[in-house]
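First comes the structure, then the notes that go with it.
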Amino acid sequence: MIKVEKLIITAAICGAEVTKEHNPAVPYTVEEIANEAYSAYMAGASIIHLHVREDNGTPTQKKERYEECMKAIREKCPDVIIQPSTGGSVGMTSDERLEPVELSPEMATLDCGTLNFGGDEIFVNTENMIKIFGKKMIENSVKPEVEVFDKSMIDTAIRLAKKGFIKEPMHFSLVMGVNGGISGELRDFIFMKESIPCGSTYSVAGIGKYEFTLATASIISGGHVRVGFEDNIYLSKGVLAKNNGELVEKVVRIAKELGRDIATPEEARQILGLK
Ligand code: KMH
Ligand code: ZN
């Protein structure tokens, strides 16, 4: 029988696009962000995927704001892995997006391709940008979570890893169900997970209605899971989640039913080669 690793749950607690109008529990302030991280951590999340906001909800990549939020999260969740976003929000410059990497966090996201992002929005990640971001992460000893929204982005990551811009083994985040990216059907998940190189790890972030179906598929397949307000605000159809912890708790319940143990932050560090 194949040995299946414990399940790493990432909580994407805030995002850059979702607002309190969508769900009043979406955090903006430092205190709200720390409280949401704590609810996810207590429920079983070992990684916090972090975007930060100004108090009025405007997304920002300012290093100082990240520093403040990371400190507040660390006070409540001393051993959790904090993974800042370098995606930021659509329209930000590369320099802005890279600011949190200067804090040398254990991990950060590395988005591996450009895609339509609904309406007139384009989330830009040119090949040269990916190279610059990848190099900066290597220089700052940051493990990238390679975010891919379609199969071609996996191929790009493999190509750039061969050229030395991303260290291997890679850890992928299969973000599925974004308008403009691959959809989140089981067929798509199997195609994506079977396209990543042998020896790498992956986590699945199903957007909206795909969150828990893809989480279940990933739990069964030996992958890892991301949930949180960035991806989905509902606990079940029409029922808003009261906090990120409720979304994590649901994944923990499914995993337990399916016989998959949950990784602590220390175990997640081992699995991801962070130490
Ligand atoms: N907010 C999106 C434009 C990431 O965190 O690296 C990009 C995003 C990806 O959320
Ligand atoms: Zn993000």
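Both ligands and their constituent atoms are indexed starting at 1 by order of listing. Residue numbers run from 1 in the order of the sequence given.
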(request) To the nearest 0.5 angstrom, please state how far the SG atom of Cys112 sits from the CE atom of Met153. (result) 8.5 Å
(message) Counting non-hydrogen protein atoms only, what is the nearest one to atom 10 (O) of ligand 1? Give residue, atom name and distance.
(response) Glu230 OE2, 2.9 Å
(message) Under 4.0 Å between a side-chain nitrogen and a carboxylate oxygen: does that hold for Glu211 and Arg226?
(response) no
(request) Give a yes/no answer: is there an N/O/S atom of Glu230 under 2.8 Å from the Zn ion (ligand 2)? (result) yes
(message) Among all the protein's non-hydrogen atoms, which is closest to atom 7 (C) of ligand 1, and how far away is it?
(response) Phe123 CZ, 3.4 Å
(message) Looking at ligand 1, is there an atom of it that comes within less than 4.0 Å of some heavy atom belonging to Gly88?
(response) yes
(request) Supply the atom-to-atom distance Ser200 OG to Lys193 NZ, rounded to the nearest 0.5 angstrom. (result) 11.5 Å
(request) May I ask whether Glu145 has any heavy atom positioned less than 4.0 angstrom from an atom of ligand 1? (result) no
(message) Between Val18 and Glu230, is there a side-chain heavy-atom distance shorter than 4.5 Å?
(response) no
(request) Among all protein heavy atoms, pick out the one at the shortest distance from atom 3 (C) of ligand 1; state its residue, atom name and that distance to 0.1 Å. (result) Glu17 OE2, 3.4 Å
(request) Report yes if some N/O of Asp111 lies less than 3.5 Å from some N/O of ligand 1; otherwise report no. (result) yes
(request) Return the residue, atom name and 0.1 Å-rounded distance of the protein heavy atom closest to atom 5 (O) of ligand 1. (result) Ser85 OG, 2.7 Å
